[in-house]
Colleague: 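First the structure, which I've put down as structure tokens, then a few questions once you've had a look.
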Amino acid sequence: MLWTIADQDLTPDALDRVLSKLSLLAFDGRVEVRNCAVNTLFSCVVGLGDSLSPIQWRVCLSETLLGVLEEISSRGSQSKNGGGADTKPTSSGANPEAQSNRYKVTVHHSRDSSIKQWATTQVLALRGLERVLRQFSPQLLLAAVSTKKDEADDVEGWLKDSWARILDTAYRCAILTGGRDSLELRVVGTDLSVLCAQVSSKAGLAAANTPARVSTNMQVVNGALRSVNPSKKEQLDETNDTKVSYVEAAAAAQHRALLFRMAFDRVEELGLNLEHQSIHTDEEGSAIYVESTLLQVMTKFSGCLTALYECCKDNEMSPPTLAAQREGASNDLESKLVHVVGAIMKNAIGDPSSKYLTQAQRGCLELLQTMSLRGSFVAYEELGERAYCAFNPTERVNGGGGE
């Protein structure tokens with residue numbers, strides 16, 4: 001019903017009221033209610049994002065969406081510290097223990113505690129934020145420039161601050177421990193960390209794939225999705241917005257470059273953290289293996305790094321010319337990516353008795369090969385070092401040798 005109200009009344013006041021109510025429901029003690037509210041909140045923003053003004057985008061991202069995400073994370077942490085028992089009354093005032101004799105519901109073991117249920121809600125919120133960033137990152141950049149021009153107070157840094165909050169939340173989720181119970185959060189944290197670097201790259205997310213849009217000239221009318229032709233006024237507004245974007249392109253490009261560097265630094269930090277978590281030896285110190293949940297996270301991370309390189313290969317991570325590389329020139333970002341890829345490949349080891357590479361290692365190997373074929377000398381060197389370690393297994397145990 002709240003989404004229908006937002007579709008029928010596109011005024012700023014109506015939209016603010018709808019988002020405010022959905023934000024309150026996102027903290028409800030009943031897991032089904034809050035999960036539905038989180039999904040509806042982000043779907044509403046994605047569906048109506050094209051109609052939001054720069055000021056509305058600032059409030060929506062920095063206050064509403066990130067406020068919801070951080071509060072959900074806080075509730076999940078409180079639940080974990082409290083032992084995961086649902087002893088507090090729900091938002092309706094009823095104690096679940098008092099109702100247990102009346103309502104007998106069998107819950108799957110993956111959702112049978114408050115900790116797991118709040119983690120599920122947090123995953124939904126992070127996935128919803130991914131949808132917003134995938135579709136509206138250019139609008140957010142222009143909104144940051146526009147609010148600087150339109151507002152009397154200093155709000156120039158609101159997008160930078162919001163970006164730092166997103167990266168902090170994603171990083172904390174990606175480095176969680178706890179086995180399979182934390183796997184979903186770790187995977188979505190890894191996804192979001194790399195996605196921030198992708199959408200803020202010069203080529204953008206379209207360089208890796210073509211994201212599916214929610215609608216094109218479509219609108220929900222009385223519960224049904226209908227085609228809506230843009231009016232002449234809307235077409236004129238779109239033309240004017242395009243003209244404005246050319247004037248603000250330089251400022252938006254500076255914002256984008258700053259956001260990309262912030263995101264890439266966190267990606268590099270995540271890679272180093274996974275490397276430090278990964279090494280385990282048996283009592284004799286003769287075998288190296290990686291815990292299975294961490295190995296799945298590293299597999300996901302290697303795939304994300306491949307997608308990131310596809311976005312940056314022609315700009316941020318374009319290798320210098322061969323002549324320049326012979327003289328010692330290198331691309332700093334490219335070298336850092338190769339270092340992270342090499343660390344993941346070296347440490348993403350499964351069963352010590354297996355004769356085959358893990359999926360994470362294969363993904364890293366393919367990425368290094370792709371970079372080498374595009375003229376990256378540092379990637380070629382890393383491939384050579386990995387080949388040396390493959391033919392000298394004892395070097396692998398001792399950390400990879402050859403350096």
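Numbers here are sequence positions counted from 1.
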Colleague: List the atom of Met371, the atom of Tyr309, and the distance in Å for their closest heavy-atom pair.
Modeller: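 The answer is CG-CZ, 3.5 Å.
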Colleague: Do the side chains of Asp191 and Cys304 get nearer than 4.5 Å, heavy atoms only?
Modeller: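 Side chain of Cys304 against side chain of Asp191, heavy atoms only: contact under 4.5 Å found.
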Colleague: Could you go step by step and tell me if Arg75 and Glu71 meet the salt bridge (Lys or Arg N to Asp or Glu O under 4.0 Å) rule?
Modeller: CA-CA 6 Å; Arg75 299 285 181 95; Glu71 180 64 22; 2.7 Å; yes
Colleague: Report yes if the side chains of Leu167 and Asp265 come closer than 4.5 Å at any heavy-atom pair, otherwise no.
Modeller: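 With C-beta onward as the side chain, the pair stays apart.
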Colleague: Quick one, Leu61 and Leu129 - any side-chain contact, counting heavy atoms below 4.5 Å?
Modeller: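 Yes, at least one pair of side-chain atoms sits under 4.5 Å.
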Colleague: Where do Leu337 and Phe264 come nearest, in terms of heavy atoms and distance?
Modeller: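 Heavy atoms only, the tightest pair is N-CZ, 4.0 Å.
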Colleague: Is there a donor-acceptor contact under 3.5 Å linking the side chains of Arg186 and Thr177?
Modeller: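 Side chains of Arg186 and Thr177: no pair found under 3.5 Å.
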Colleague: For the residue pair Cys60 and Val45, establish whether any side-chain heavy-atom pair is separated by less than 4.5 Å.
Modeller: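 A side-chain contact under 4.5 Å exists here.
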Colleague: Please tell me if the side chains of Thr169 and Leu192 come closer than 4.5 Å, counting only heavy atoms from C-beta onward.
Modeller: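 No, side chains not in contact.
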Colleague: Checking Arg34 side chain against Phe27 main chain: does a donor-acceptor pair fall under 3.5 Å?
Modeller: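 Checked: no pair found.
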Colleague: Under the 3.5 angstrom rule, does the side chain of Gln361 hit a backbone N or O of Thr358 as a donor-acceptor pair?
Modeller: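 Indeed, once roles are kept as given, a pair shorter than 3.5 Å links the two residues.
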Colleague: Measuring only between side-chain heavy atoms, which start at C-beta, is Asp50 closer than 4.5 Å to Phe136?
Modeller: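 Side-chain contact under 4.5 Å: yes.
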Colleague: Less than 4.5 Å apart, any side-chain heavy atom of Val145 and any of Leu141?
Modeller: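 Val145 vs Leu141: side chains apart.
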Colleague: Say whether, by atom type as modelled, one donor and one acceptor occur between the side chain of Asn347 and the main chain of Ala343 under 3.5 angstrom.
Modeller: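 Yes, Asn347 side chain to Ala343 backbone: donor-acceptor pair under 3.5 Å.
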Colleague: Can Arg266 be said to sit on top of Tyr171's aromatic six-ring, NZ or CZ under 6.0 Å from centre and within 45° of the ring axis?
Modeller: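 The answer is yes, since Arg266 meets both limits relative to Tyr171.
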Colleague: Cut-off 3.5 Å, side chains only: do Ser376 and Glu334 have a donor facing an acceptor?
Modeller: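 Judged by distance alone, the side chains do pair up.
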Colleague: Show the nearest heavy-atom pair for residues Ala263 and Trp163, with the distance to one decimal.
Modeller: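 Minimum heavy-atom contact is CB-NE1, 4.0 Å.
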Colleague: Knowing that exactly one of Lys336, Arg256, Arg261 qualifies, which makes a salt bridge (charged side-chain N to carboxylate O under 4.0 Å, His left out) with Glu316?
Modeller: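 The option that passes is Arg256.
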Colleague: When you measure from the side chain of Ser193 to the backbone N and O of Gly189, does any donor-acceptor pair fall under 3.5 Å?
Modeller: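 A pair under 3.5 Å: yes.
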Colleague: Do Arg165 and Ser62 come close enough that some side-chain heavy atom pair is under 4.5 Å?
Modeller: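 Contact flag for Arg165/Ser62 side chains = yes.
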Colleague: Going by distance alone, is a donor N or O of one side chain under 3.5 Å from an acceptor N or O of the other, for Asn273 and Gln277?
Modeller: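 Checked: Asn273/Gln277 side chains pair up, N/O donor to acceptor below 3.5 Å.
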Colleague: Between Phe260 and Cys196, does the side chain to side chain contact (heavy atoms under 4.5 Å, CB included) criterion hold? Intermediate values first, please.
Modeller: CA-CA 7 Å; Phe260 174 81; Cys196 288; over 6 Å; no
Colleague: Classify the side-chain pair Arg180/Thr293 by whether it contains a donor and acceptor separated by less than 3.5 Å.
Modeller: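 No, because no side-chain N or O of Arg180 sits under 3.5 Å from a partner of the opposite role on Thr293.
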Colleague: Would you say Ser201's side chain and Gln198's backbone share a donor-acceptor pair under 3.5 angstrom?
Modeller: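 Yes, the answer is positive, given that a donor and an acceptor are paired below the 3.5 Å cut-off.
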Colleague: Sub-3.5 Å donor-acceptor pair from the side chain of Ser73 to the main-chain atoms of Leu69, do we have one?
Modeller: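 Side chain of Ser73 to backbone of Leu69, a donor-acceptor pair under 3.5 Å: yes, one is there.
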Colleague: Can a donor-acceptor pair be found between the side chains of Gln359 and Thr299 at a distance below 3.5 Å?
Modeller: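 Side-chain D/A pair, Gln359 to Thr299: absent.
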Colleague: List the atom of Leu140, the atom of Leu133, and the distance in Å for their closest heavy-atom pair.
Modeller: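 Heavy-atom minimum between the residues: CD1-CD2, 4.0 Å.
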Colleague: Is there a donor-acceptor pair closer than 3.5 Å between any side-chain N or O of Arg362 and the backbone N or O of Leu357?
Modeller: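 Checked: pair present.
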Colleague: Given 3.5 Å as the limit, does a donor-acceptor pair link the side chain of Ser137 with the main chain of Arg134, or not?
Modeller: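 Looks like no, no N/O pair under 3.5 Å.
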Colleague: Which atom pair, heavy atoms only, marks the closest approach of Lys346 to Ile349?
Modeller: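 Between these two residues, the closest heavy atoms are O-CD1, 3.3 Å.
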Colleague: Step by step, work out the salt bridge (Lys or Arg N to Asp or Glu O under 4.0 Å) result for Arg374 and Asp314.
Modeller: CA-CA 10 Å; Arg374 289 186 57 83; Asp314 295 324; 2.7 Å; yes
Colleague: To check you understand the geometry: which heavy-atom pair defines the closest contact between Ala174 and Leu270, and what is its length?
Modeller: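 Smallest heavy-atom distance, with atoms named: CB-CD1, 3.6 Å.
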Colleague: For the backbone of Ala307 and the side chain of Glu310, can you confirm whether one donor and one acceptor N or O come within less than 3.5 Å of each other?
Modeller: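 No, Glu310 side chain to Ala307 backbone: no donor-acceptor pair under 3.5 Å.
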